[in-house]
Structures are given as structure tokens and as C-alpha cells.
Amino acid sequence: MSSKEQKVEKALIRNLDDTLPEIKSIIENYYDLGNVVDLRKLDIGETNFNYYATLEKWGIKQRYFVQLFSSVKTLEKLEYELNLRQYFMSRDNTLLKCALHANTKNGCFAVECQCTQNGHVRYLCVFDFIEGTTYDYDQWAFGKMNDTMIKGMARGIAYYHISGY
């Protein structure tokens, strides 16, 4: 199967107790988004691993939301969920705009992570991080925000991912 035909890349997660080094490596090796300059695990969700990442490419820093989905999330459910978000994103009328995923270097939509500690398969996705929203007008705001607001938005995105499908 050629890279264009495959849906996911494949990687290993060896240590679920300290996933930061392996998640950083997966992002840098499988995505063309730049080098990870900051990666934080968020204490949100009991079965998903959620991260807040800052990457730098060509001197420009960009924020992303990264999720290593629960092992109960099947590839079919994930693909359906991402396609649904893409559909609503194109309609420009929904809060699903926060959840647009980035493709890997080979055009795949996720990285399949075999967790060697317990044998479970999890899927990792990197999502564009939109820095805020103005709920009064149902529009997204792309301006600069302080750290407290960014953490609050990351928490909101994480809750959406946990309960969104």
C-alpha cells in the first residue's frame, strides 16, 4: 500500500507513565509542523492523553492541541469524527472549527500508536489550536491571549474531544 492510500502512520509508545518524550518525537518525525519547543500534558480526561504543544518552524511559533485517544476509539470512529469536523468546518457555522486536524508528512490523518506496556492501540492526532472565541457573536477570534485564557481554551477543546462524538 502506498503512502497516499494508507490512512495512518505507525509508531510505538513505550512508557505511558511519561509520554512527553515519545509524543515530542512522534510530532517531529511524522508531522511537518516544526520543532517542539514546549509540550505539556493536560490533566483532562480519564482515558485520553491530552497535550498542549508549541512548535516552531522558520522562526514562527504556533500552538497546537495534541490528543492520544483512548484505546476504545476505533479507527472507523476516529475517521468518521474527523470527516464530520471537516464538513462542519467548511460550513463556517459551528464551534467544531476548533478541531481541524493536521495531516502527517505522508498525508495520513493520524498516527497509530502501539502501546507496548499494555498492548493497546491508540491514535494520535494534532489539531490546530484557535486562540479564543467570542461566544456573544458565535465567531472565532484569532488574536493574542494571555496564558490563563489559553489554558482555559485548551481545557475547552479537550472537553469537546472527550465528549464530541
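Owing to the predicted nature of the structure, the values given are computational and were not obtained by experimental measurement. As a basis for the values below, the full set of heavy atoms in this structure was taken, side chains included, without hydrogen atoms, waters or symmetry mates.
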Atom pair [atom1] ([X]) and [atom2] ([Y]), whose distance is rounded to the nearest 0.5 Å:
{"X": "K73", "Y": "R122", "atom1": "NZ", "atom2": "CZ", "result": "12.0 Å"}
{"X": "Q62", "Y": "L33", "atom1": "CD", "atom2": "CG", "result": "9.0 Å"}
{"X": "N29", "Y": "K24", "atom1": "CG", "atom2": "NZ", "result": "10.5 Å"}
{"X": "Y123", "Y": "L78", "atom1": "OH", "atom2": "CG", "result": "8.0 Å"}
{"X": "C108", "Y": "N103", "atom1": "SG", "atom2": "CG", "result": "8.0 Å"}
{"X": "T54", "Y": "R40", "atom1": "OG1", "atom2": "CZ", "result": "7.0 Å"}

Full working for side-chain contact (heavy atoms from CB on, under 4.5 Å) between V111 and Y31: CA-CA 10 Å; V111 178; Y31 291 88; 3.9 Å; yes
Test side chain to side chain donor-acceptor pair (under 3.5 Å) applied to N35 - qualifying residues, sequence neighbours left out: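 Testing N35 for side chain to side chain donor-acceptor pair (under 3.5 Å), a comparison that skips the adjacent residues, returns none.
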Could you pull out all residues at least two apart from E79 that satisfy side chain to side chain donor-acceptor pair (under 3.5 Å)?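 E79 satisfies side chain to side chain donor-acceptor pair (under 3.5 Å) with K7 only.
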Got a sec, which residues hit salt bridge (charged side-chain N to carboxylate O under 4.0 Å, His left out) with E56, two or more places apart in sequence or on another chain?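 Testing E56 for salt bridge (charged side-chain N to carboxylate O under 4.0 Å, His left out), a comparison that skips the adjacent residues, returns none.
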Set of salt bridge (charged side-chain N to carboxylate O under 4.0 Å, His left out) partners for K41, sequence neighbours left out: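 Result, salt bridge (charged side-chain N to carboxylate O under 4.0 Å, His left out) vs K41: none returned.
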Are any non-hydrogen side-chain atoms of [X] and [Y] less than 4.5 angstrom apart?
{"X": "I23", "Y": "L20", "result": "no"}
{"X": "N50", "Y": "V66", "result": "no"}
{"X": "L42", "Y": "F65", "result": "yes"}

Hey, what's the ring geometry for F127 with F69, parallel, tilted or perpendicular (30° and 60° as the breaks)?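 Answer is perpendicular, since the angle exceeds 60°.
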List the steps and the verdict of salt bridge (Lys or Arg N to Asp or Glu O under 4.0 Å) for D38 and K61. CA-CA 10 Å; D38 186 35; K61 290 184 180 178; over 6 Å; no
Nearest heavy-atom neighbours spanning T104 and E9: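 Minimum heavy-atom contact is OG1-OE2, 3.3 Å.
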What closest approach, in Å, do G34 and L55 show between heavy atoms, and which atom pair accounts for it?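 Looks like O-CD2, 3.7 Å.
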Under the salt bridge (charged side-chain N to carboxylate O under 4.0 Å, His left out) definition, can you give me all pairs with a residue in residues 105-119, not counting sequence neighbours?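 Sorted pair list: K10-E112.
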Quick one: do V121 and C115 satisfy side-chain contact (heavy atoms from CB on, under 4.5 Å)? Show the steps, please. CA-CA 6 Å; V121 172; C115 302; over 6 Å; no
Would you give me the side-chain donor-acceptor pairs under 3.5 Å for residues 11-19, sequence neighbours excluded?
unit_1: N15; atom_1: OD1; unit_2: D17; atom_2: N; d: 2.9
unit_1: N15; atom_1: OD1; unit_2: D18; atom_2: N; d: 3.4
unit_1: T19; atom_1: OG1; unit_2: Y51; atom_2: OH; d: 2.5

Treating Ile, Leu, Val, Met, Phe, Trp and Tyr as nodes and any side-chain heavy-atom pair under 4.5 angstrom as an edge, say whether Y52 and V37 lie in one connected cluster.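 Different hydrophobic clusters.
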